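Data block below; observations after.
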Amino acid sequence: MTDPSAIPLAAARAHAKVNLHLGVGAARADGYHELATVFQSVSASDVLTLHADDPSEAPGSVTALRLTSGANREVPLDESNLAWQAVDALVLDYRRQHGPRELPGVAIDLHKAIPVAGGMAGGSADAAAALVAADAWLAEVYGLAPRGVDKLLEIGAGLGADVPFTLKGGSALGTSRGDRLTTMMSRGPFHWAMITNARGLSTGAVFAKLDEMRAADPEREALAPHLDTEAVSQAMIGGDPHQLGPVLHNDLQPATLSLRPDLRAVHEAGMGAGAIAGIISGSGPTWAFLCADEDSAQEVVDEVSADIDAASGMVVTSPHNGAHLLY
Ligand code: C5P
């Protein structure tokens, strides 16, 4: 394990996301679904720092991952963590393209503020920060200019469907698996109360539940794919939360609520506390409540976390920037 006072190789920050629209199309042969989704980065962010460690005996270069903050639930601290995979993938890619170099092992310090397993792409943001930090470090070792975010998108997509957006940030339309991105215009800031839940949800299980519900009830309009993003796009440009609220939409929401009926009470509490609209964030269990301003978002957080034991919350704004190097 490294000495925590050792000079870091590089550090980067990446932000969580909220989906203002999440349209889910057909299931594909590769197990993913075609999406038409509108992402915005939010102000909640994680910081990831790389330190030199003794060289790894394993084929990759990451030797350890440790948490330097609290987290609302367990974070995997091994190779199953996307940030670990991201560093190893980029080292491999630099070696493949530019030849072998003597490299130290790499220990990762992760400071988490994004809720874990909350539908806010926290794990993907950590992978995005890992790619940006590792790119800066490897570019220096190889005497090259860093590739930059746009050239990391492909490697990011190989790690997970939300990694490209957390790399790029801002406002974007995501198609295909949600990983093909087109930048969108938005005014802001929009103010949100993000209400997380003590019990997480598996993204794959929520998508599978939606497929099951659609197969059982093919005529039900509420379960049909909503792939038109025009209304939300107009409202983002307008910048008025009262215009945006009514057009927020998530096709996964019926599936999330079917798996977790307890989350309905959170919606009721948030709306009762004065939110303009509430939408499940990604696959959940987090609710994203759009509010008129920062004070009313804070009120929603305070009231809902007082009312509901399993709920806790944070106030965030959107849009924000993508993953970026700190040093
Ligand atoms: O890419 P990621 O690992 O974040 O996705 C987790 C799971 O969510 C996938 O294994 C898949 O079951 C589901 N998913 C999907 N269609 C997408 C994105 C995710 O079915 N476009």
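Ligands are counted one by one from 1 in listed order, and the atoms in each one are counted from 1 as well. Just so it is clear, the structure is predicted and the values come from calculations on it, not from any experiment.
No more than 12 heavy atoms of other residues, nucleotides or ligands sit less than 6.0 Å from atom CG of D309.
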Please set out all donor-acceptor pairs under 3.5 angstrom arising from side-chain atoms of residues 130-147, sequence neighbours excluded.
residue: D135; atom: OD1; partner: Y94; partner atom: OH; Å: 2.5
residue: D135; atom: OD1; partner: R147; partner atom: N; Å: 3.1
residue: D135; atom: OD2; partner: R147; partner atom: N; Å: 3.0
residue: D135; atom: OD2; partner: G148; partner atom: N; Å: 3.0
residue: Y142; atom: OH; partner: G99; partner atom: O; Å: 2.8
residue: R147; atom: NH1; partner: D93; partner atom: OD2; Å: 2.8
residue: R147; atom: NH2; partner: D93; partner atom: OD2; Å: 3.0

Expected list for residues 229-243: side-chain donor-acceptor pairs under 3.5 angstrom, two or more places apart:
residue: E230; atom: OE2; partner: Q234; partner atom: NE2; Å: 2.8
residue: D240; atom: OD1; partner: H242; partner atom: N; Å: 2.8

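Between the side chains of N19 and T37, at least one donor-acceptor pair of N or O atoms lies under 3.5 Å. Using modelled atom types, one finds no donor on one side chain facing an acceptor on the other under 3.5 Å when comparing S281 with T286.
The salt bridge (Lys or Arg N to Asp or Glu O under 4.0 Å) analysis of residues 284-296, with sequence neighbours excluded, yields no pairs.
Protein residues with a heavy atom closer than 4.0 Å to ligand 1 are G31, Y32, H33, L35, G160, A161, R177, T203, G204, F207, listed by chain and number.
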